[in-house]
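Have a look at this one before I ask anything.
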Amino acid sequence: IDGTIANNTIGTGAAGSGSATGNGIFVSLADNASGPRGLATLAINNNLIRNYEGNAGIFADNTGGSYDARFTITGNTVTAPGPSAFAGLALTAGAPGSGDDIDVLARVENNDFSAADPFNANDIIVGVSTSASSMAFTGAPAAPFALLTAVEAAKDALKDAGLKPE
């Protein structure tokens, strides 16, 4: 598959108008595990997504089989989630307890997910659930990831010393 989801307005501003029970944009890919390895390429660009009642404004659920998925996710705004939402963007690679072998490469930039989680916990959430699956990102600046790594290392050092990091 090779496709584009672009320039859509999902939701009118009224509660549940983007989706009464689901995600704003939901992509669920699967491939025959016994056939040749497949490739899916999808661009999700310049969408306004609001008033959804599902898990995420954009949810790419990559489970079921053996394939590669390439995503370009740019210029989207996700806002006004329902009370059960947990992220602006959710990306997965492999289903828990499965034999999935799914490799995801994503370019995620110039999006606004800052108001997409009613609990302000996850702008973006990723999950890799099998040892044969992987997830990588391209186009991201190295500095924020280096800072995040340093912060996590400092928290680990505090835990090792018997202290509780805040």
Side-chain angles (χ1 to χ4, degrees), residues 1-82 84-118 122-142 144-145:
I1 184 171
D2 188 355
T4 301
I5 301 170
N7 303 313
N8 297 288
T9 298
I10 300 170
T12 63
S17 61
S19 176
T21 60
N23 304 296
I25 293 174
F26 183 66
V27 178
S28 182
L29 301 171
D31 189 32
N32 181 351
S34 63
R37 189 172 183 90
L39 172 64
T41 303
L42 186 63
I44 303 173
N45 301 329
N46 303 315
N47 298 287
L48 171 59
I49 303 162
R50 56 188 175 186
N51 311 111
Y52 56 94
E53 299 294 329
N55 297 322
I58 301 171
F59 198 136
D61 182 31
N62 303 291
T63 57
S66 175
Y67 60 91
D68 297 324
R70 305 289 178 257
F71 293 97
T72 301
I73 302 170
T74 60
N76 299 287
T77 300
V78 180
T79 188
S84 63
F86 59 76
L89 171 64
L91 290 171
T92 64
S98 74
D100 289 346
D101 180 2
I102 300 166
D103 298 317
V104 175
L105 176 63
R107 181 177 185 146
V108 181
E109 60 186 15
N110 300 320
N111 298 285
D112 183 358
F113 301 127
S114 63
D117 171 11
N122 302 302
D123 293 344
I124 299 173
I125 190 166
V126 299
V128 178
S129 297
T130 65
S131 61
S133 297
S134 69
M135 186 159 323
F137 294 89
T138 182
F145 292 108

Could you tell me whether the side chain of I25 reaches within less than 4.5 Å of the side chain of I49, counting heavy atoms only?
yes
Looking at D103 and S133, what are the two nearest heavy atoms and their distance?
OD1-C, 3.9 Å
Answer yes or no: is there a donor N or O on one side and an acceptor on the other, between the side chain of S84 and the main chain of E53, under 3.5 Å?
yes
For residues N45 and T72, determine if any side-chain heavy atom of one lies less than 4.5 Å from a side-chain heavy atom of the other.
yes
Return yes when atom CD1 of I1 has more than 12 non-hydrogen atoms of other residues, nucleotides or ligands closer than 6.0 Å, and no otherwise.
no
Residue pair T79 / R50, side-chain donor-acceptor N/O under 3.5 Å:
no
Given 3.5 Å as the limit, does a donor-acceptor pair link the side chain of S17 with the main chain of T12, or not?
yes
Among T9, N76, T77, N7, side-chain hydrogen bond (donor to acceptor under 3.5 Å, both in side chains) partner for N47:
N76
Between L42 and I44, is any pair of side-chain heavy atoms under 4.5 Å apart?
yes
Can a side-chain donor-acceptor contact be found between T92 and N62 if the only test is distance below 3.5 angstrom?
no
Looking at side-chain heavy atoms only, is the closest gap between Y52 and I10 below 4.5 Å?
no
Ignoring hydrogens and geometry, is there a side-chain-to-backbone donor-acceptor pair from N23 to I58 under 3.5 Å?
no
From T74 atom OG1 to R107 atom CZ, the distance as rounded to the nearest 0.5 Å
8.0 Å
Side-chain donor or acceptor of D117 paired with backbone N/O of N122 under 3.5 Å:
yes
Any side-chain heavy atom of F137 sitting closer than 4.5 Å to one from L91?
yes
Quick one: does any side-chain atom of D100 pair with a main-chain N or O of G65 as donor and acceptor, under 3.5 Å?
yes
Closest non-hydrogen atom pair, M135 against V128:
CB-CG2, 3.7 Å
